[in-house]
Asks: 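Dumping the structure here so I can ask a few things about it.
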Protein chains: 2
Amino acid sequence: MRAIADVARLAGVAKATASRALSGRGYVSEETRQKVVDAARSIGYVASPNAASLVTGRTKSVGVIIPFINRWFFAEVLEGMEVALLEQGYDMTLYNLPAASPERDRIFEYFLARKRFDAVISVGVALSETEVDQLHRLGRPLVGIGGPIRGVHTIAIDDVEAARLATEHLLSLGHTDIVHVGGVLVDEMDFAVHSNRLRGFTSAMMSAGLATDGCFYASEFTLPGGHAVGMEVLGDPRRRPTGIFAACDEIAVGIIVAARELGISVPADLSVIGIDGHPYAEMFRLTTLEQHPREQGRLAVVSLLAELDNPTEHRADGELTELPPRLVMRASTSGPRPKA
Amino acid sequence: MRAIADVARLAGVAKATASRALSGRGYVSEETRQKVVDAARSIGYVASPNAASLVTGRTKSVGVIIPFINRWFFAEVLEGMEVALLEQGYDMTLYNLPAASPERDRIFEYFLARKRFDAVISVGVALSETEVDQLHRLGRPLVGIGGPIRGVHTIAIDDVEAARLATEHLLSLGHTDIVHVGGVLVDEMDFAVHSNRLRGFTSAMMSAGLATDGCFYASEFTLPGGHAVGMEVLGDPRRRPTGIFAACDEIAVGIIVAARELGISVPADLSVIGIDGHPYAEMFRLTTLEQHPREQGRLAVVSLLAELDNPTEHRADGELTELPPRLVMRASTSGPRPKA
DNA sequence: TTGACATGTGGAACCGGTTCCTGAAACCCG
DNA sequence: CGGGTTTCAGGAACCGGTTCCACATGTCAA
């Protein structure tokens with residue numbers, strides 16, 4: 001009742017002509033095109049994307065696999081991708097990938113295999129070898145965000161560098177007693193992010209001639225996580241560091257809250273630096289390295305669509321686009337209190 | 001190369017039989033079914049959802065329109081819907097609806113109109129009359145979360161009741177000087193939520209014989225928003241309330257942080273209660289009314305799929321399923337300090 | 001024995017577009 | 001003016017499934 005055949009009949013042309021007129025492909029006289037467009041509008045014709053996909057093989061939609069939605073970084077990335085995709089007329093189909101589980105397998109074997117989308121973006125997922133293979137077998141363009149995936153063009157900040165900069169910031173202020181609170185090294189998002197940040201920290205400490213034994217604490221990337229670790233690290237006054245480099249702003253803020261509860265003054269008694277550029281950072285006057293996940297999402301989409309439009313020109317497999325983190329100094333860091 | 005015709009040929013049966021064997025509809029002998037399944041597996045056959053949708057009219061995917069991704073309530077709802085949808089073999093296509101704008105119109109006119117999904121869930125969106133009409137015209141099942149939409153079955157907590165309970169909790173502790181920090185009354189998510197919570201507050205205050213002039217402050221539903229309002233409300237010691245009912249936990253926590261910065265003791269000098277059951281609530285020992293958005297998402301999906309499976313049995317248009325909020329008492333509320 | 005009914009299978013139409021191929025008309029150039 | 005190239009339009013095949021219908025068999029009750 002609203003098929004292209006009806007439009008064609010109403011406009012007095014053949015289906016083929018109507019299709020060309022509406023899609024803009026092939027030769028159609030201006031006069032005919034106008035007739036078809038008018039006819040389409042008059043019956044409220046909307047093309048069926050299914051029918052079109054069936055023959056063209058293009059669905060105008062991309063699949064996104066992501067381990068969390070309710071985490072600042074991931075939600076920001078999603079919002080960034082959404083805008084960019086919509087702008088180009090693409091739908092976004094979301095798969096909130098759980099940790100290893102039958103449901104996770106099902107996503108790979110059933111949902112992704114159906115090839116409902118033209119391309120896939122993988123955000124911050126640690127993929128098993130099998131899973132990477134499964135993605136490659138789809139034969140669709142693939143882009144990653146947040147950590148290198150074998151054979152996939154990935155967008156991320158330079159985590160090692162960011163961690164090094166953060167640590168060096170504390171070092172340059174004169175701190176020598178520094179602790180790094182970072183991500184658990186074996187969890188869903190451990191694909192370099194956590195270990196890279198730890199690496200940057202260690203390398204900066206080494207360069208400054210400082211040992212790092214016992215200087216690492218693991219935390220969830222959440223405010224309560226940072227708070228709990230903060231209580232633990234700051235609880236014992238005898239072995240309290242003067243500077244803390246948190247792997248993300250939420251951890252950093254959690255630590256600041258813990259410090260306040262313990263009556264420790266920031267930055268007088270304790271300097272804290274994070275990574276992210278979270279909205280909370282400003283409220284807590286947190287010094288941080290900004291990473292703009294929204295922009296990362298946008299870039300991923302741009303790269304993906306470029307490859308879709310021009311498959312030959314696709315990024316070298318495994319290429320890594322590293323964004324420079326930017327240091328934003330606020331009031332959570334200063335030189336350590338001179339020893340009594 | 002991987003079409004059902006290939007499977008049929010390999011199994012030595014007709015396309016029709018292969019289709020029946022794989023889909024489980026119609027009569028197929030066990031022996032034949034096994035042959036077809038084996039053939040399918042042997043060539044790694046995956047059915048094309050496009051082709052199937054074309055004829056069945058079902059896409060096995062639902063569209064979700066949502067104003068924010070990066071907000072606790074919304075992200076939780078999304079995660080809840082995701083799990084429930086995946087379980088039933090449905091894809092989730094996400095539309096992050098901006099405030100009134102050409103992009104927003106485009107979502108309604110272009111994306112939603114294409115009918116790529118079997119049903120639509122609208123989460124916390126204030127829809128214009130036109131938009132509601134557009135949704136209804138899709139002729140697809142429709143469910144809302146978070147506030148009534150004309151003619152649409154909606155799932156939400158009873159906001160008036162939740163606000164009343166929160167306020168009564170403060171009243172019952174002996175507070176008489178109470179302020180409500182709620183949502184801005186004209187913004188993207190104002191479709192009853194904000195005004196209902198204000199209404200519940202006012203009604204409880206009235207019942208207690210208390211006036212509410214000047215007792216309402218507006219804030220964004222974020223921690224920095226609550227913090228800013230907290231500084232304002234608590235800044236002047238002469239007219240400081242003893243109890244604050246925040247419309248959400250993030251605001252409440254922001255207020256607690258502000259109080260701490262101002263040296264105001266919670267709950268000794270100030271009681272704070274929120275709504276949500278946010279993970280931060282526990283960390284800040286915040287008394288709150290829990291609303292479990294994840295469960296709301298799940299319920300929306302259940303209701304939607306029930307209607308899809310059995311179109312006749314669909315919920316009365318405009319029916320409202322109201323979930324009871326549950327009071328969780330922690331250490332942010334107590335009786336007011338006796339007047340000197 | 002006959003007829004009603006359940007079971008099993010194949011052929012062909014169909015969903016709603018796109019595209020290939022063919023042919024006519026218009027245009028261009030030498 | 002003839003032949004080659006564009007421009008324009010229609011017919012038909014096709015994408016990859018599902019489903020309707022027809023037909024063959026087998027079963028069971030009357």
Side-chain angles (χ1 to χ4, degrees), chain A residues 1-40 43-61 89 91 110 113-118 139, chain B residues 1-40 43-61 89 91 110 113-118 138-140:
Chain A
M1 211 26 160
R2 35 178 28 78
I4 201 172
D6 303 310
V7 175
R9 193 175 319 120
L10 193 59
V13 301
K15 259 174 70 178
T17 306
S19 173
R20 280 188 294 253
L22 293 172
S23 67
R25 277 181 290 271
Y27 294 113
V28 181
S29 73
E30 178 50 30
E31 189 194 3
T32 310
R33 200 189 62 77
Q34 200 48 250
K35 267 194 307 189
V36 173
V37 168
D38 290 345
I43 61 170
Y45 167 76
V46 185
S48 150
N50 279 320
S53 309
L54 188 52
V55 40
T56 61
R58 293 302 209 78
T59 62
K60 280 287 216 174
S61 97
D91 280 337
Y110 173 63
R114 291 189 297 166
K115 303 198 177 181
R116 252 209 176 147
F117 15 72
D118 299 335
Chain B
M1 215 24 165
R2 32 174 38 72
I4 200 173
D6 303 311
V7 175
R9 194 175 319 121
L10 193 59
V13 300
K15 257 174 72 179
T17 305
S19 173
R20 280 188 294 254
L22 293 172
S23 69
R25 278 181 291 269
Y27 295 113
V28 181
S29 72
E30 178 49 31
E31 188 193 4
T32 309
R33 203 190 60 77
Q34 201 47 250
K35 267 195 309 189
V36 173
V37 168
D38 290 345
I43 62 171
Y45 168 76
V46 185
S48 151
N50 280 319
S53 311
L54 187 53
V55 39
T56 59
R58 294 304 210 73
T59 62
K60 281 289 219 172
S61 96
D91 279 337
Y110 173 62
R114 291 189 297 167
K115 303 197 177 181
R116 253 208 176 148
F117 16 72
D118 299 336
L138 292 178
R140 298 267 187 275

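We name chains A, B, ... by the order of the sequence lines, and we start the count at 1 in each one.
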Asks: To 10°, what angle do the rotation axes through the five end pairs on each side of the helix from C:dT1-D:dA30 to C:dG30-D:dC1 form?
Replies: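 Roughly 30°, once rounded to the nearest ten degrees.
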Asks: Rounded to the Å, how far apart are A:L54 CG and C:dC14 C1'?
Replies: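 It is 12 Å, rounded to the nearest whole Å.
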Asks: Could you state the atom-to-atom distance from CZ of A:R9 to P of D:dG11 in whole Å?
Replies: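 The answer, rounded to whole Å, is 13 Å.
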Asks: Classify the nucleic acid contact of A:V7 as base, sugar-phosphate or nothing, counting any heavy atom under 4.0 Å across all strands shown.
Replies: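 Contact class for A:V7: none.
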Asks: Output the rounded distance in Å from NZ (B:K60) to P (D:dG17).
Replies: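 In whole Å, D:dG17 P and B:K60 NZ are 17 Å from each other.
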Asks: CD1 of B:I4 versus P of D:dC15: gap in Å, rounded?
Replies: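 Rounding to the nearest Å, CD1 of B:I4 and P of D:dC15 are 14 Å apart.
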Asks: Nearest whole angstrom, please: distance from the C1' of D:dG16 to the NZ of A:K115.
Replies: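 Computing the A:K115:NZ to D:dG16:C1' distance gives 14 Å.
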Asks: Check the distance between D:dT18's P and B:N50's CG and give it to me in whole angstrom.
Replies: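 To the nearest whole Å, that distance equals 12 Å.
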Asks: Output the rounded distance in Å from CZ (B:R33) to C1' (C:dT7).
Replies: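 Interatomic distance, CZ of B:R33 to C1' of C:dT7: 16 Å.
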Asks: I need the CD-P distance between A:E31 and C:dA26, as an integer number of Å.
Replies: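 In whole Å, C:dA26 P lies 13 Å from A:E31 CD.
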Asks: Under a 4.0 Å threshold between the charged nitrogen and the carboxylate oxygen, would B:D38 count as salt-bridged to B:K35?
Replies: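 No, no charged N to carboxylate O under 4.0 Å.
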Asks: Between the protein and nucleotides 5-8 of chain D, list the N/O to N/O atom pairs that are separated by less than 3.5 angstrom.
Replies:
residue	atom	partner	partner atom	Å
D:dT7	OP2	A:Y27	OH	2.3

Asks: For DNA chain D, which residues in residues 12-22 of chain A have a heavy atom at a distance below 4.0 Å?
Replies: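 Listed by number, they are A:G12, A:V13, A:A14, A:A16, A:T17, A:R20.
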